[in-house]
Amino acid sequence: MNIQTLLNQRIQAAMVAAGAPDGSPALVRQSAKVQFGDYQANGIMGVAKALKTNPRELAQVVIDKLDLSDVAEKVEIAGPGFINVFLKNVWLGKELAELRSSDHLDIDKVDSPEVVVVDYSSPNLAKEMHVGHLRSTVIGDAVVRTLEFLGHTVVRQNHVGDWGTQFGMLLAYMERLRAENSEISMALSDLETFYRAAKTCFDDDEAFAKRARELVVELQSGNEDCLALWDEFINISLTHCEETYKMLGVSLERQHVMPESAYNDDLVNVVNDLQEQGLLKESNGAQCVFMDEFANKDGEITPVIVQKTGGGFLYATTDLAAVRFRQHTLNADRVLYFVDARQSLHFQQIFTLSRKAGFVKPETRLEHMPFGTVMGSDGKPFKTRSGGVAKLSALLEEAQERAYQLVASKNPDMSEEELRNIGRVVGISSVKYADLSKNRTSDYVFNWDSMLSFEGNTAPYLLYAYSRIASIVKRSEIDVESLTGDIAIVEAQERALAMKLCQFEEAVQQVANDGMPHFLCAYLYDLAGTFMTFYEACPILNAEDSVKNSRLQLSLNTAATLKQGLALLGIETLERM
RNA sequence: GGGCCAGUAGCUCAGUUGGAUAGAGCACCCGCCUUCUAAGCGGGUGGUCGCGGGUUCGAAUCCUGCCUGGCCUACCA
């Protein structure tokens, strides 16, 4: 149940009945303050202006046409022409009962499911995953889970970088190790070290560099030995990724990998198609598309280069081929790209060109979901203490260790095994949540202490709130499934909690629409805080039976919502911590 | 040079697309454990929303001009 949608529809209909033009938005929002009720409609003033009438008078006419008697106990006009809606406690209680009996927290599946292709994570296989991949991977996965929860068909696309000149260098190094009879799989167990070693050879050894360049050519021309070597490398690198995904609790698997190299055979077709449509122009030996949309005031256009001087293709070409594949083979209605904000211009160009060239249907939505950079405390991109790029796996190990130390100091009597598991969940979720809870588009500062803190909008706080409820339920010794009866909203804290619980769907839909998981984080933090307030003010297990029954159900609803919400974020819950 | 993004409390961040008196957490101050996990809860101090104009019933949000920072800007991805 989405209250905002319900009120929007009802009030909008009443506005039209009151003489407002069709489609006038009611602009229903959660009220800013309690004295303004639960929801407020802000749309009257704008319409009144267009109609040149008094907004308060219009609001009165709208209210006369509006029947909310089933859900609201009071509807009033306030200020310059707001309509404030005060919902009925009885109705909230009924909604919660439905929420409890639903296996989907009473969230409606979308009427018309879409095929949503989501491009996320997409590491470069030449190196190991590092902090730079955290945001795309974690945010993309949360949005993917949310879209699926709402009933959309999601196609995950891990657009990994497995092609390009740096692979010549890596293959040359593999060759050398093999010639020296060294253990290659051993050397590849740490890709970062391997890459550095290969790079050193490439920079210092002219013969090696020459061989590396040869191997690039051989690879591109399909030499079988070379391809076998490349395959071996790619396979090991992908295995590293999968280990990281598993540690992170990310839903990406081998089947979702659609590497850059998969488009190789199609690149020439892309260029030919552009040529046939007269979109191509040679410039300085390169094949380019010049689009007016990317001209500056002097008429100079930043071109899209699709083929280099000498015939090589670029990432723009690959992305165009990918757009076509996603449209025609995957049948996408919507394509989301969780890619660094620095590539904004690139994607604008790709999207604009894709439309011009007819690579996508006009109604297909292509959306770049840019994100900011993870910063260190110095305000510069996050690095390890030694100044290198932080390997993601090492970062996650550290998170688990730090969390373990914290948890162990608080629970001296717990078994080592349980402590390790709690440390794992708390550590991983802290890193993920710290990322997810920030506005996607802005940079944020990576800070161990604040993300592992039990205070504020953090994973530990939410996990703790959940485990506290789990503890109450356990103590109650009541069969959760058979627990029924009315949910009575009496105390202010009960009401606040009930209201919050009914707003889960609004947060979920926001995440799906905007690709912004931080809305859900803010909601869950709010929910947990509202529960804590309720918990302090309203005894549960010590209350008389009917009250206890009602409050237990409120608690169970909270637990279910927290668990589901965290699951959408890709975060596990703990029954005890 | 041009373009994109950002600038909100001492610090870290929100702000539902133009709504009512700008919100959280940390830090600081004051309270609350013989009762369901105090890893918690309640209260308080703290703001020229980078600066100046403009648009209107109403602006952190929109338009414009500056200031500051980051990024992108033809053959890397």
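Note that the structure is predicted; figures quoted are calculated from it, not measured.
A tilted orientation is assigned to the rings of Phe347(A) and His368(A), their planes being inclined by 30° to 60°.
Atom CD1 in Ile305(A) sits roughly 13 Å away from atom C1' in A77(B) (whole-Å rounding). Between Met375(A) atom CE and G7(B) atom P the separation is 13 Å, expressed in whole Å. In this structure, the CH2 atom of Trp448(A) is 19 Å from the C1' atom of C26(B), given to the nearest Å.
Nucleotides U35(B) and C49(B) have their P atoms positioned 47 Å apart, rounded to a whole Å. For the P atoms, the distance linking U55(B) with C63(B) amounts to 15 Å, nearest Å. Annotation: G23(B) and G44(B) have their P atoms spaced 13 Å apart (nearest Å). With both ends at atom C1', the span from A59(B) to A22(B) equals 12 Å, rounded to whole Å. Comparing G25(B) with U48(B), their C1' atoms sit 24 Å apart, to the nearest whole Å. Distance check on atom C1': A20(B) versus G2(B) gives 41 Å, rounded to whole Å. With C1' as the reference atom, A9(B) and G46(B) are 6 Å apart, rounded to whole Å.
Listed nucleotides A39(B), C13(B), A20(B) differ in distance to Lys438(A); the shortest reach to its side chain belongs to C13(B). Distance from the side chain of Tyr444(A) is smallest to C13(B) among G19(B), C13(B), A14(B). Checking C72(B), G19(B), U21(B) against the side-chain heavy atoms of Met45(A) singles out G19(B) as nearest. With A24(B), G40(B), A20(B) as the choices, the nucleotide that has an atom nearest any side-chain atom of Asn84(A) turns out to be A20(B).
Figure legend. G47(B) is base-paired to no nucleotide; pairs are counted as Watson-Crick or G-U wobble with both atom distances under 3.5 Å. The partner of G31(B) is C41(B), judged by Watson-Crick or G-U wobble contacts that both fall below 3.5 Å. Base-pair partner of C13(B): G23(B) (Watson-Crick or G-U wobble, both distances under 3.5 Å).
No contact: His346(A) has no heavy atom under 4.0 Å from any strand. Residue contacts for Pro460(A): at a heavy-atom cut-off of 4.0 Å it reaches no nucleic acid atom on any strand shown. Residue contacts for Phe371(A): at a heavy-atom cut-off of 4.0 Å it reaches no nucleic acid atom on any strand shown.
Contact of Thr309(A) with C75(B) (side chain to base): a donor-acceptor pair of N or O atoms is detected under 3.5 Å. A donor N or O paired with an acceptor N or O is not found under 3.5 Å between the base of A74(B) and the side-chain atoms of Thr302(A). With hydrogens and angles left out, the side chain of Tyr315(A) and the base of A77(B) share a donor-acceptor pair within 3.5 Å.
Every residue two or more places apart in sequence or in another chain that forms a side-chain contact (heavy atoms from CB on, under 4.5 Å) with Val425(A) is listed here: Asn421(A), Leu463(A), Glu572(A), Leu574(A).
The stretch residues 510-523 of chain A participates, sequence neighbours left out, in no side-chain hydrogen bond (donor to acceptor under 3.5 Å, both in side chains) pair at all.
You'll find the side chain of Leu566(A) reaches within 4.5 Å of the side chain of Leu524(A), heavy atoms only.
The stretch residues 530-543 of chain A comes close to RNA chain B through Met532(A), Thr533(A), Tyr535(A), Glu536(A), Cys538(A), Pro539(A), Ile540(A), Leu541(A), Asn542(A), each having a heavy atom under 4.0 Å from the strand.
Under the 90° criterion around 0 for the glycosidic angle, C33(B) counts as syn.
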